[in-house]
Amino acid sequence: MKVVVCVKQIPDPAVVGSLDEAFRLRRTGKVILDDADTYGVEVALRLVEAAGEGEVSLVSMGDATDVTGIRSALAMGAVRATVVSDPLLRGADALTTAKVLAAVISRDEPDIVIAATESSDGYTGTLPVQLACLLELPAVTFATSVAIEGGVVVAQRQTEAGYDEVRAALPAVVTVTAGVVEPRYATFKGIMAAKSRTVDVLTVADLGLDAHSLAVRQEVVSVEVTPEKSAGEKFVDDGTGAQRIIAYLERVKVLSGGGS
Amino acid sequence: MSALNIWVVCEPSGTDITTTSKELLSEAVRLNATVSAVSWGPHTDGLSDLTGSWGAHHFYDLGDLGGVLPGSVVAATVASLVSEGTPDAVLIPASTDGRDIAGCLSAFLDAPVLTNITGLREGPDLLSEHTLFGGTQAAFARNLGSAPSIMVVRPKSFAVGTPAAASASRVAVTPVTPRVRLVNIASSHIEQRNGPALDDAQVVVSGGRGLGDAASYGLVEELATLLGGAPGASRAIVDAGWVPYSHQVGQTGATVKPTLYVACGISGATQHMVGMKGSTYIVAVNKDPDAPIFSLSDFGVVGDVHNVLPALIAALRARS
Ligand SMILES: Cc1cc2nc3c(=O)[nH]c(=O)nc-3n(C[C@H](O)[C@H](O)[C@H](O)COP(=O)(O)OP(=O)(O)OC[C@H]3O[C@@H](n4cnc5c(N)ncnc54)[C@H](O)[C@@H]3O)c2cc1C
């Protein structure tokens, strides 16, 4: 069972982001492994454990100056990582990123490719499906549980109303939602092992990709500040909170003016 | 500029189409576009009239796709159709199936996709609006590639118009087999809900981690019922397994725009607020006077949900 997980290093989502002069998300400062990706790594490790054989490897696109985030995914148990890092890819849209990741993954011929439903910084949420189509694989999206039964991936797929049970023959691309499993903590042994695991850094040229096909094809033309809403009334509950909420709801006519 | 040519992917919902699909048709009409609707499913019979009443001139009817995920099939079919018709834009609802369709269409047409759109602006080019940093800024973007622009629009971005007595001309289309294998739907499970659906409710009462435990979510449900609304949730308590995902409000959950939104024990993270900031009146109960939710609320009570909610429930019961 060969499993590839797509992972991404992102600026800490707890820090409020900002844009640079080209309206791109500033990526200075420390980057961390996107928390959303830890679920994918965990699902991948469990699939390999359930199969009793195989390995989990990682692919990523982005600046490779600092790969601490990638190493933390290796520390969970992935055996190797490939990072495509190239100035040519600055400002790449999701389809371009998908083309780059597809070029790496197609060399590996994995049984299953796992990605988060969406990243926590860009949250475009289309990349895994674009990747699947480029690899000519079925996309099983929004999975909240994943199992392999006789060469078929069986997943619960979250929908607006509930969930569907869906099935696709391997190889396939699967996107997992946050919270599907409890990601394991890296053990001390895992952290030590991760230090010696290979992180291959490749460029667009190494992949034999035509730079022309990766050109930026969408742009932000302006950014406007949204007028701030003026703060409403606020008071400390002194036991009359409920009555005052009711009075407020009557005032704005959400409740009819009962009695008064 | 000649009239825009806009296609709208209309997601089926029983014999109807989803509310977001109607919002997109309504916006296309507002942009004075020539509008084409695309839909599929076992109940497309009435959709020429239905999409026509919402402003579509043409209705591309893919018919029943069988028990498979629609993403790649609908995308492959739309890809083959647009190469003849060349719309300026294909508008797609930001739903689970909508996002699958958009991703596949992007790959099949080798065209980028603009996602998380919350508005459209007409100019020399059609611009898409995107909410940034929890709604403090808005970015306007455009497609530099060849037409069509693939645009994925969040629910509740546009008001629905008024349906007219009109019908769209139906074009029967044989679905195109995509070059990827299909995903079969073995079974569908609908989570039981009492009262109105979250995204259509006029009142939404949501609970967060401040409730303390899963059992206390009962207070939220009861309050929602008394106000004739739907119960919602922050992602923290969905991830904790207290309530199913279908209750989640926010960036990665439902977008709601009710008349009244009541946030109980919710801090007001930017990712939560983008899903509910369009509500007309926002009431918040939180014991932390500095909780960010109070920057958005119209009426805030600094207090304990375990005091305020039971009292509120008792008072509402006494009125009914
Ligand atoms: C990519 C990404 C996507 C996300 N998408 C979403 C999304 O769609 N929806 C969403 O909601 N979140 C989303 N989040 C998570 C979000 O950042 C917050 O973590 C989450 O909204 C917090 O939930 P909460 O307010 O319930 O919990 P907390 O932030 O823990 O807040 C609990 C609040 O309860 C108050 N409280 C505690 N006890 C009491 C009491 N007894 N009475 C009254 N008040 C009390 C506290 O003061 C606190 O303000 C996303 C995060 C990321 C990174």
Side-chain angles (χ1 to χ4, degrees), chain A residues 16-17 23 93-95 98 118 123-126 128-130 132-134 136-142 157-169 178-179 216-226 229 231-237 241-246 248-249 252 254 258, chain B residues 69 71-72 95-96 99-100 102-104 106-108 112-116 127 133 135-145 179-191 238-239 245-246 251-252 259-260 281 283 294-303 307-308 311-312 315 319:
Chain A
V16 176
F23 302 132
D93 62 49
L95 182 58
E118 60 201 338
Y123 60 96
T124 313
T126 53
V129 178
Q130 291 162 320
C133 290
L134 294 171
E136 304 200 351
L137 297 179
V140 175
T141 48
F142 304 95
R157 177 177 183 266
Q158 184 177 281
T159 62
E160 281 77 17
Y163 70 92
D164 287 348
E165 187 186 295
V166 299
R167 294 165 172 267
V216 173
R217 287 180 298 172
Q218 57 191 31
E219 69 170 3
V220 173
V221 292
S222 67
V223 172
E224 296 171 12
V225 173
T226 315
K229 188 175 165 174
E233 301 165 56
K234 183 173 83 175
F235 76 98
V236 178
D237 181 34
Q243 285 311 329
R244 290 178 70 167
I245 290 175
I246 288 185
Y248 171 76
L249 296 182
V252 299
V254 170
Chain B
L69 288 187
S72 60
S95 59
T96 45
R99 283 166 54 176
D100 279 4
C104 293
S106 162
F108 295 157
V113 45
L114 291 158
T115 59
N116 283 305
L127 298 183
F133 310 130
T136 52
Q137 296 178 29
F140 292 86
R142 66 179 175 140
N143 174 24
L144 299 173
R179 57 178 190 242
V180 295
R181 278 173 290 118
L182 302 177
V183 180
N184 289 305
I185 304 173
S187 58
S188 288
H189 304 260
I190 310 285
E191 248 129 38
V238 171
D239 285 356
Y245 167 79
S246 56
Q251 178 182 304
T252 43
T259 309
L260 173 66
Y281 303 110
V283 172
F294 289 129
S295 68
L296 199 68
S297 64
D298 301 284
F299 196 77
V301 177
V302 181
N307 298 331
V308 179
L312 193 52
R319 290 166 60 99

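Just so it is clear: chains get the letters A, B, ... in the order the sequence lines come, proteins before strands, and each one is counted from 1.
- For A:Ile246 against B:Arg319, the heavy-atom pair with the smallest separation is CG2-NH1, 3.6 Å.
- Using a 4.5 Å cut-off between heavy atoms, B:Leu114 contacts chain A through both its backbone and its side chain.
- A:Phe142 touches chain B through its side chain: at least one heavy atom from C-beta onward sits under 4.5 Å away, while N, CA, C and O do not.
- The candidate from B:Ser187, B:Ala311, B:Ala139 with the greatest count of non-hydrogen atom pairs under 4.5 Å with chain A is B:Ser187.
- Looking at B:Ile190, both its backbone and its side chain come within 4.5 Å of chain A, counting heavy atoms on both sides.
- Taking all atoms of both residues into account, the shortest heavy-atom contact from B:Asp100 to A:Arg157 is OD2-NH2, 3.0 Å.
- When all heavy atoms of A:Asp93 and B:Pro112 are compared, the closest pair comes out as OD2-CB, 3.6 Å.
- Taking all atoms of both residues into account, the shortest heavy-atom contact from A:Asp164 to B:Ser188 is OD1-OG, 2.8 Å.
- If you tally non-hydrogen atom pairs under 4.5 Å between each of B:Val113, B:Thr259, B:Val283 and chain A, the highest count goes to B:Val113.
- Only the side chain of B:Thr115 comes within contact range of chain A, with heavy atoms under 4.5 Å apart.
- Counting heavy atoms from C-beta outward, A:Phe235 and B:Val301 have side chains that approach closer than 4.5 Å.
- Of the listed residues (A:Glu160, A:Glu136, A:Glu224), the greatest number of heavy-atom pairs within a distance under 4.5 Å of chain B belongs to A:Glu224.
- If you tally non-hydrogen atom pairs under 4.5 Å between each of A:Glu233, A:Arg244, A:Gln243 and chain B, the highest count goes to A:Glu233.
- Residue with the most contacts toward chain A among B:Val238, B:Thr252, B:Leu182: B:Thr252 (heavy-atom pairs, distance under 4.5 Å).
- The contact between B:Asn143 and chain A is made by backbone and side chain atoms together, counting heavy-atom distances below 4.5 Å.
- The OG atom of A:Ser222 sits 11.0 Å away from the CD atom of B:Gln137 when rounded to the nearest 0.5 Å.
- Heavy atoms of B:Ser95 lying under 4.5 Å from chain A belong to its backbone as well as its side chain.
- Of all heavy-atom pairs spanning B:Val183 and A:Ala139, the tightest one is CG2-O, 3.5 Å.
- How far CG of B:Leu127 is from CD of A:Glu219: 9.5 Å, rounded to the nearest 0.5 Å.
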Practice problem: Would you sort out whether B:Arg99 and A:Thr141 count as a side chain to side chain contact (heavy atoms under 4.5 Å, CB included), showing the intermediate values? | Solution: CA-CA 9 Å; B:Arg99 283 166 54 176; A:Thr141 48; over 6 Å; no
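- In this structure, the portions of B:Ile185 lying under 4.5 Å from any heavy atom of chain A include both its backbone and its side chain.
- Top candidate by heavy-atom pairs under 4.5 Å with chain A, chosen from B:Ala186, B:Gly71, B:Gly303, is B:Ala186.
- Contact tally against chain B (heavy-atom pairs below 4.5 Å) for A:Thr226, A:Val220, A:Val129: the top residue is A:Thr226.
- Contact tally against chain B (heavy-atom pairs below 4.5 Å) for A:Val236, A:Val225, A:Val252: the top residue is A:Val252.
- With a 4.5 Å cut-off on non-hydrogen atoms, B:Tyr245 touches chain A through its side chain but not through its backbone.
- Options A:Thr159, A:Leu134, A:Val221, A:Val216 differ in how many heavy-atom pairs under 4.5 Å they form with chain B, and the most are formed by A:Val221.
- Classification of the A:Tyr248-B:Tyr281 ring pair by plane angle, with boundaries at 30° and 60°, yields perpendicular.
- Residue with the most contacts toward chain B among A:Ala168, A:Gly241, A:Cys133, A:Ala169: A:Cys133 (heavy-atom pairs, distance under 4.5 Å).
- Nearest heavy atom pair, residue A:Gly162 against residue B:Glu191, reads CA-OE1, 3.7 Å.
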